[in-house]
Participant: 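Quick one: structure below, then a few questions.
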Amino acid sequence: MQLLAILWPAETGFISINPETGTTSQGETLESALENLREATELYLSEFNPVIHGKPFITTIDVKINQP
């Protein structure tokens, strides 16, 4: 099963999330963050059977930030 993984830098390493299941993890490197997310997602899926309706559509949005 192929699921989405989103990663972004943190103060120490990377944070990772799988939006289809809501599982999150972290790691010191991209590789470890992905591996930790894979493990967390597999554990989640062994307990719950989410209904996934196709692949998500991912895009970006621009937002305005009012700065003093």
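The shown structure was predicted, so the numbers you read here are calculated from the model rather than taken from an experiment. Values below: all heavy atoms of this structure, side chains included; hydrogens, waters and symmetry mates excluded.
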Participant: Does atom CD (Glu28) have a neighbourhood of more than 12 heavy atoms from anything else shown, all under 6.0 Å?
Facilitator: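 12 or below, so no.
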Participant: Please report the shortest heavy-atom distance between Ser16 and Ala33, naming the atom on each side.
Facilitator: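 Nearest pair, atom of Ser16 first, then Ala33: OG-O, 3.2 Å.
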Participant: Nearest 0.5 Å please: distance from the CG atom of Asp62 over to the OG1 atom of Thr60.
Facilitator: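 Reported value, rounded in 0.5 Å steps: 6.0 Å.
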Participant: Has the side chain of Asn18 got a donor or acceptor atom that lies under 3.5 Å from a matching backbone atom of Thr23?
Facilitator: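 No; zero donor-acceptor contacts below 3.5 Å.
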Participant: Is it the case that one hydrophobic cluster holds both Ile58 and Trp8, taking links as side-chain heavy atoms less than 4.5 Å apart, direct or via other members?
Facilitator: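 As far as the 4.5 Å side-chain criterion goes, Trp8 and Ile58 are connected within one cluster.
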Participant: To the nearest 0.5 Å, what is the distance between CG (Asn36) and CD1 (Ile15)?
Facilitator: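 That separation rounds to 12.5 Å.
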Participant: Between Leu34 and Phe14, is there a side-chain heavy-atom distance shorter than 4.5 Å?
Facilitator: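 No, side chains not in contact.
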Participant: In Å, rounded to the nearest 0.5 Å, how long is the span from CG of Leu30 to CD of Glu35?
Facilitator: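 So the gap between those two atoms works out to 13.5 Å.
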Participant: Considering the options Leu45, Leu37, Leu4, which one meets the side chain to side chain contact (heavy atoms under 4.5 Å, CB included) requirement together with Thr21?
Facilitator: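 Exactly one option meets the side chain to side chain contact (heavy atoms under 4.5 Å, CB included) with Thr21, and it is Leu45.
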Participant: Could you grab the distance from atom CD1 of Ile6 to atom OG1 of Thr24, nearest 0.5 Å is fine?
Facilitator: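 It is 12.0 Å, given to the nearest 0.5 Å.
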